[in-house]
There are 2 protein chains.
Amino acid sequence: MGNKRLTVREIAKLADVSVATVSRVSRGTGQVSQETRERVLRIIEEYGYRPSQMGRSLAEQRHGMVAIVFPGLAGPYFSELTQGFESQAMEAGTGVHILVTHHRDDADDSVLDMASRVDGIAIHGDTVRTETLRRIAAEVPVVVLAGRPMDGVPAVRADNSTIGELTRHLLVDHGYRRLAFVGSPDGSPDVTDRWEAFQAAHKQARVPAPRNPVRLGLQQSDGVRAAGELLDGRRPPRAVVCANDETALGMLIGALGRGLSVPGDVAITGFDDVPMASLVQPRLTTVRQPIRELGATTARLLISGLGNRGAVMDAVLATEPVFRESCGCPRT
Amino acid sequence: MGNKRLTVREIAKLADVSVATVSRVSRGTGQVSQETRERVLRIIEEYGYRPSQMGRSLAEQRHGMVAIVFPGLAGPYFSELTQGFESQAMEAGTGVHILVTHHRDDADDSVLDMASRVDGIAIHGDTVRTETLRRIAAEVPVVVLAGRPMDGVPAVRADNSTIGELTRHLLVDHGYRRLAFVGSPDGSPDVTDRWEAFQAAHKQARVPAPRNPVRLGLQQSDGVRAAGELLDGRRPPRAVVCANDETALGMLIGALGRGLSVPGDVAITGFDDVPMASLVQPRLTTVRQPIRELGATTARLLISGLGNRGAVMDAVLATEPVFRESCGCPRT
DNA sequence: TTGTACGCGTTATCAC
DNA sequence: GTGATAACGCGTACAA
């Protein structure tokens with residue numbers, strides 16, 4: 001194992017042909033006689049020759065590879081997003097490089113390094129600073145995923161305003177007062193949008209909104225922690241609007257674990273409509289977001305945009321509220 | 001944006017020096033006069049020059065990049081694993097390429113393609129077929145992560161036998177009969193080991209083990225489904241040993257959602273000890289696995305082993321049972 | 001200290 | 001149908 005790989009030249013010598021012919025055979029391009037082709041193919045097979053990617057990309061001036069940058073990858077959200085992205089990349093014969101920043105300090109360097117290894121980069125939310133985004137965009141095509149377009153960098157995102165409908169539903173249809181919002185607006189553009197839609201809905205319903213959101217992460221464990229913060233206080237909220245389903249699920253688990261009734265004592269809503277949302281008891285009222293399609297659209301935009309610039313600059317995908325029982329609606 | 005990037009030659013011309021000097025400056029290697037260095041540095045800065053990775057790796061005969069291959073990335077497990085892996089890779093100045101197969105048919109091709117883009121590959125469980133693993137190992141150094149060593153390919157894994165202790169605890173200490181196991185042994189080596197340890201513990205306690213495991217995936221939603229299969233039947237199990245925490249959590253949610261008492265009606269155990277395990281009510285009895293260390297060890301072995309072969313062949317990391325309340329133990 | 005020239009592995013353009 | 005040979009961008013002996 002670990003044998004040094006053979007090069008075109010060596011294969012050419014072994015098959016007694018020129019490197020050009022080996023290349024033609026291995027790429028299946030150009031004209032090669034039946035006999036020669038078979039001979040070369042046999043040698044290639046025998047020695048397990050595979051053209052070096054670095055040699056190839058140097059010659060072709062492309063990597064056949066795009067990258068997608070995430071802040072982290074816990075939860076089903078990123079998994080779905082990746083699958084949507086990869087499905088389209090694959091269709092275009094392009095590889096996908098996943099880069100996770102984990103909110104590290106040197107994340108920007110990693111992303112800049114990526115820029116010289118791929119033909120295009122999709123960057124999620126605000127994983128990198130604006131300044132870095134600009135520098136990267138100067139080197140390779142970039143698409144912002146789940147964030148706002150900027151300086152000629154196109155974006156693909158979901159319509160977050162629908163969480164306003166959910167909020168209105170809680171305030172008006174159910175008549176709840178004292179709502180809480182769980183999520184850090186400074187953490188991601190998506191959460192910023194959702195927090196703003198939450199506030200806007202309050203304004204429209206002429207109900208005072210809470211001054212601050214419960215600033216926590218987007219994982220289930222954060223939802224459980226939020227339950228601790230909100231439900232153990234002396235004036236617990238009547239309903240909790242969570243920035244995503246994971247925190248809503250954590251919140252639900254925390255509430256039930258305290259012996260509270262959901263939605264009787266506290267109503268809970270989420271965002272995403274992940275599989276678990278319809279599997280828990282009570283089922284989760286949420287906003288359905290086409291996560292997979294979000295990834296797919298991003299990949300298409302990125303890959304097609306590699307050549308022609310100035311197409312779509314801001315693709316906003318539609319979302320829809322899904323009313324189940326965790327908000328207080330009867331089971332249908 | 002999208003400006004074609006400058007090459008060493010162009011920078012050299014602009015700074016009025018040779019390409020060698022530019023290279024020396026940008027790499028910080030060799031001897032360059034203070035004055036020249038500053039001049040070149042200024043030009044590099046001004047034009048935002050960054051050496052092309054493909055040119056560099058072609059010249060250096062290395063990529064400065066290793067890959068880690070996963071079957072999927074839902075749940076906190078892969079997130080932790082990745083962070084451990086990346087922390088070590090980073091320390092060695094190596095980039096990390098994450099490849100997710102999603103159990104696709106053409107996954108093996110993707111992995112083979114990776115082989116010519118990186119200096120080494122860590123492959124999780126059995127994401128690829130044995131035959132493919134062999135071919136890859138013939139091209140680049142490979143380490144199996146959470147699987148068995150094979151044909152000179154080293155492995156890093158956790159001690160799965162501890163789930164036997166947990167099973168014994170349920171059978172002997174608590175005296176439970178009719179246990180069920182949730183997880184697909186054919187899905188991954190880890191689950192195979194755990195299923196076998198589960199069976200072995202039964203044998204040792206002279207209690208008949210169930211003939212078959214509940215063959216489902218490793219996500220929370222699978223746990224909820226397992227709850228449906230097991231708890232709605234006419235002879236529900238007294239205790240359920242789940243292959244990981246995610247399914248155990250799903251199981252717990254499913255049980256509680258049915259109005260059952262845990263551990264009163266049914267005891268539940270997991271594997272991993274993820275953060276949620278100690279946050280739910282009742283807290284989850286499980287096996288603690290050093291996930292992050294698993295990733296870190298793999299990276300170290302892979303990167304150090306790039307040069308010297310024949311070091312560690314099978315690193316088995318210790319695990320420990322964590323008894324909480326979901327198995328029936330009193331809260332301590 | 002600096003510059004020239006070659007090699008890395010591949011593809012593509014010409015001649016033949 | 002096939003073979004030389006020139007790119008591609010960089011690092012680095014070797015020469016100056």
Side-chain angles (χ1 to χ4, degrees), chain A residues 3-41 43-44 47-65 93 95 113 115-119 139-140, chain B residues 3-41 43-44 47-65 93 112-113 115-119 139-140:
Chain A
N3 292 319
K4 69 174 190 304
R5 297 174 43 178
L6 294 83
T7 71
V8 243
R9 257 177 285 274
E10 306 180 88
I11 294 295
K13 190 159 293 174
L14 286 164
D16 197 32
V17 291
S18 72
V19 293
T21 301
V22 174
S23 179
R24 276 189 278 259
V25 171
S26 83
R27 303 204 65 225
T29 172
Q31 303 288 321
V32 184
S33 78
Q34 184 67 16
E35 190 210 12
T36 314
R37 155 163 282 115
E38 279 173 7
R39 178 157 40 97
V40 176
L41 233 34
I43 300 285
I44 286 180
Y47 291 86
Y49 165 75
R50 309 189 75 242
S52 144
Q53 279 300 333
M54 53 187 181
R56 173 172 288 187
S57 48
L58 185 57
E60 291 183 340
Q61 288 295 80
R62 55 181 293 269
H63 305 266
M65 192 76 126
D113 181 84
S116 60
R117 295 180 181 276
V118 298
D119 303 319
E139 295 192 14
V140 296
Chain B
N3 293 320
K4 69 173 189 308
R5 298 175 42 179
L6 295 82
T7 71
V8 242
R9 258 176 287 273
E10 306 179 88
I11 295 293
K13 189 159 294 177
L14 285 164
D16 198 31
V17 292
S18 72
V19 292
T21 302
V22 175
S23 178
R24 279 188 277 258
V25 171
S26 82
R27 302 204 68 225
T29 172
Q31 303 289 323
V32 184
S33 78
Q34 184 67 16
E35 188 209 13
T36 314
R37 155 162 283 116
E38 278 172 8
R39 178 157 41 98
V40 175
L41 233 35
I43 299 286
I44 286 181
Y47 290 86
Y49 166 75
R50 309 190 77 241
S52 146
Q53 279 300 335
M54 52 188 182
R56 171 172 288 186
S57 50
L58 188 55
E60 291 182 339
Q61 287 297 79
R62 57 180 293 266
H63 305 267
M65 192 76 128
L112 272 165
D113 182 84
S116 61
R117 296 179 180 277
V118 298
D119 303 320
E139 296 193 13
V140 296

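Here the structure is a predicted model, which means the values were calculated and not measured. We name chains A, B, ... by the order of the sequence lines, and we start the count at 1 in each one.
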Those residues at least two apart in sequence (or on a different chain) that pass salt bridge (Lys or Arg N to Asp or Glu O under 4.0 Å) with A:Glu38 are none

Interatomic distance, OG@A:Ser52 vs CG@B:Leu58, rounded to 0.5 Å, equals 6.5 Å

Readout for nucleotides 6-16 of chain D: B = base within 4.0 Å of protein heavy atom, S = sugar-phosphate only, - = neither; 5' to 3' it is --BBBSB----

Please answer whether the main-chain N or O of B:Asp119 pairs with a side-chain N or O of B:His63 as donor and acceptor at a distance below 3.5 Å.
no

Sequence neighbours excluded, the answer for side chain to side chain contact (heavy atoms under 4.5 Å, CB included) partners of A:Ser33 is A:Glu35, A:Thr36

By side chain to side chain donor-acceptor pair (under 3.5 Å), B:Glu60 pairs with (sequence neighbours left out) B:Arg27

Any side-chain heavy atom of A:Gln31 sitting closer than 4.5 Å to one from A:Arg24?
-> no

Residues passing the salt bridge (Lys or Arg N to Asp or Glu O under 4.0 Å) test with A:Arg37, sequence neighbours excluded, are none

Atom pairs and distances, donor-acceptor, side-chain atoms in residues 13-21 of chain A, under 3.5 Å, two or more places apart:
residue, atom, partner, partner atom, Å
A:Ser18, OG, A:Ala20, N, 3.4
A:Ser18, OG, A:Thr21, N, 3.4
A:Ser18, OG, A:Thr21, OG1, 3.4

*asked:* I'd like to check A:Ile11 versus A:Tyr47 (side-chain heavy atoms, cut-off strictly below 4.5 Å). Are they in contact?
replied: yes

- Message: What I'd like to find out is whether the side chain of A:Ser26 reaches to under 4.5 Å of the side chain of A:Ile44, using heavy atoms alone.
- Response: yes

Computed from five pairs at either end and rounded to 10 degrees, the angle between the axes of the helix from C:dT1-D:dA16 to C:dC16-D:dG1 is 50°

Footprint ends on DNA chain C, 5' to 3', for atoms under 4.0 angstrom from a heavy atom of chain A, come out as C:dG9 to C:dA12

In whole angstroms, the gap separating C1' of D:dA4 from NZ of A:Lys13 amounts to 14 Å

